[in-house]
Amino acid sequence: PELIKEIILVDDNSTMPHLKKQLDDYMKRFPKVKIVRAPTRVGLIRARMLGSDAARGKVLTFLDSHVEPTPGWLPPLLDRIARNFTNVVVPVIDAINDNTFEYMYDKSPPGSEHRAIGIFEWSLTHNWGILSDREKVKYNDTSEPYASPTMAGGLFAISKRYWEYLGKYDPGFDIWGGENLELSFKVCRMLDCLYKSYLFFYFHDP
């Protein structure tokens with residue numbers, strides 16, 4: 001908790017009654033939680049930008065509402081940004097079984113894990129690939145972060161200074177599906193190198 005300045009929930013002009021006064025009353029018990037409400041429906045991307053504009057912290061961590069962080073998730077992300085404010089850091093994304101809610105993670109023996117990287121196809125569709133063996137040998141331990149050409153859009157950490165320097169998201173985006181590639185290309189252009197931007201963390205809490 002000491003690393004978190006505030007938690008911002010963005011309400012994109014929802015019409016659901018339980019997300020109005022009931023939510024306000026419930027969140028009063030959590031002093032670090034702030035609710036930002038869009039006056040009209042603005043769409044996912046502009047809603048994220050509303051949240052970032054309201055944020056007071058030096059580092060922004062974007063988490064979609066269906067994301068459930070595991071214990072110890074935040075310090076490794078902040079560490080990489082503290083070392084270099086232009087690092088954009090994405091955690092490894094495990095799955096939760098939609099029937100049993102079991103936490104699903106890679107149980108492969110050390111050294112044989114399938115480390116995911118973000119890629120894109122020529123249709124500008126984001127997809128996932130596997131870190132090559134040639135790249136794997138560059139890392140001594142599976143807890144080390146590794147580079148990825150592109151990133152996921154729904155969960156990542158970035159310094160607010162760098163986020164604003166990059167121009168945030170294109171405000172013309174309405175829904176998810178292109179904003180992650182846009183931010184990926186912006187970072188790569190600033191660094192002039194495809195493999196120096198995104199750091200994925202491979203760690204699990206048993």
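As the structure is a prediction and not an experimental result, all values here were calculated from the model.
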Separation between CD (Glu179) and CE (Met49), nearest 0.5 Å, reads 11.5 Å
Find the distance between CG (Leu23) and CE (Met16) and round it off to the nearest 0.5 Å. 12.5 Å
Side-chain donor or acceptor of [X] paired with backbone N/O of [Y] under 3.5 Å:
X      : Y      : result
Lys32  : Ile4   : yes
Asn87  : Val89  : no
Tyr146 : Ala116 : yes
Thr61  : Ala157 : no
Ser184 : Met151 : yes
Ser159 : Tyr162 : yes

Same cluster for [X] and [Y] if Ile/Leu/Val/Met/Phe/Trp/Tyr side chains link at under 4.5 Å?
X      : Y      : result
Leu63  : Leu50  : no
Leu19  : Ile8   : no
Val187 : Tyr165 : yes
Val36  : Val33  : no

Charged N to carboxylate O below 4.0 Å: is that the case for [X] and [Y]?
X      : Y      : value
Asp64  : Arg48  : yes
Glu182 : Lys186 : yes
Lys34  : Glu6   : yes
Asp12  : Arg46  : no

Testing the basics here: between [X] and [Y], what is the closest heavy-atom pair and its distance to 0.1 Å?
X      : Y      : result
Val59  : Ile81  : CG1-CD1, 3.8 Å
Val88  : Ile158 : CG2-CD1, 4.0 Å
Leu9   : Met27  : CD1-CE, 3.6 Å
Ser148 : Gly118 : OG-N, 2.8 Å
Ala152 : Asn180 : C-CB, 3.8 Å
Val42  : Ala47  : CG2-N, 3.6 Å

For Asp24 and Arg37, what are the C-alpha separation, side-chain angles and deciding distance, and is it a salt bridge (charged side-chain N to carboxylate O under 4.0 Å, His left out)? CA-CA 11 Å; Asp24 289 335; Arg37 299 189 186 277; 2.7 Å; yes
Is [X] atom [atom1] crowded by more than 12 heavy atoms from other residues, nucleotides or ligands, each under 6.0 Å away?
X      : atom1 : answer
Glu68  : CD    : no
Phe30  : CZ    : yes
Arg161 : CZ    : no

Report yes if some heavy atom in the side chain of [X] is under 4.5 Å from a heavy atom in the side chain of [Y]; otherwise report no.
X      : Y     : result
Asn13  : Pro39 : no
Leu3   : Leu78 : yes
Leu155 : Trp73 : no
Ile96  : His66 : no

Starting from the C-alpha separation in whole Å, work towards a yes-or-no answer on salt bridge (charged side-chain N to carboxylate O under 4.0 Å, His left out) for Lys20 and Asp25. CA-CA 9 Å; Lys20 301 303 180 184; Asp25 292 342; over 6 Å; no
Relative to the ring of Trp163, is the ring of Tyr169 parallel (under 30°), tilted (30 to 60°) or perpendicular (over 60°)? perpendicular
Report the relative orientation of the aromatic rings in Phe120 and Trp122; use parallel for angles under 30°, tilted for 30 to 60°, perpendicular for over 60°. perpendicular
Start with the C-alpha distance between Leu181 and Thr150, add both sets of side-chain angles, then the distance that settles side chain to side chain contact (heavy atoms under 4.5 Å, CB included), and finish with yes or no. CA-CA 7 Å; Leu181 292 184; Thr150 64; 4.0 Å; yes
Given salt bridge (charged side-chain N to carboxylate O under 4.0 Å, His left out), test Asp79 with Arg83 step by step and report yes or no. CA-CA 6 Å; Asp79 173 70; Arg83 295 173 189 232; 2.9 Å; yes
My understanding is that only one of Leu183, Leu77, Leu60 makes a side chain to side chain contact (heavy atoms under 4.5 Å, CB included) with Phe156; could you say which?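 For Phe156, the side chain to side chain contact (heavy atoms under 4.5 Å, CB included) test succeeds with only one of Leu183, Leu77, Leu60, which is Leu183.
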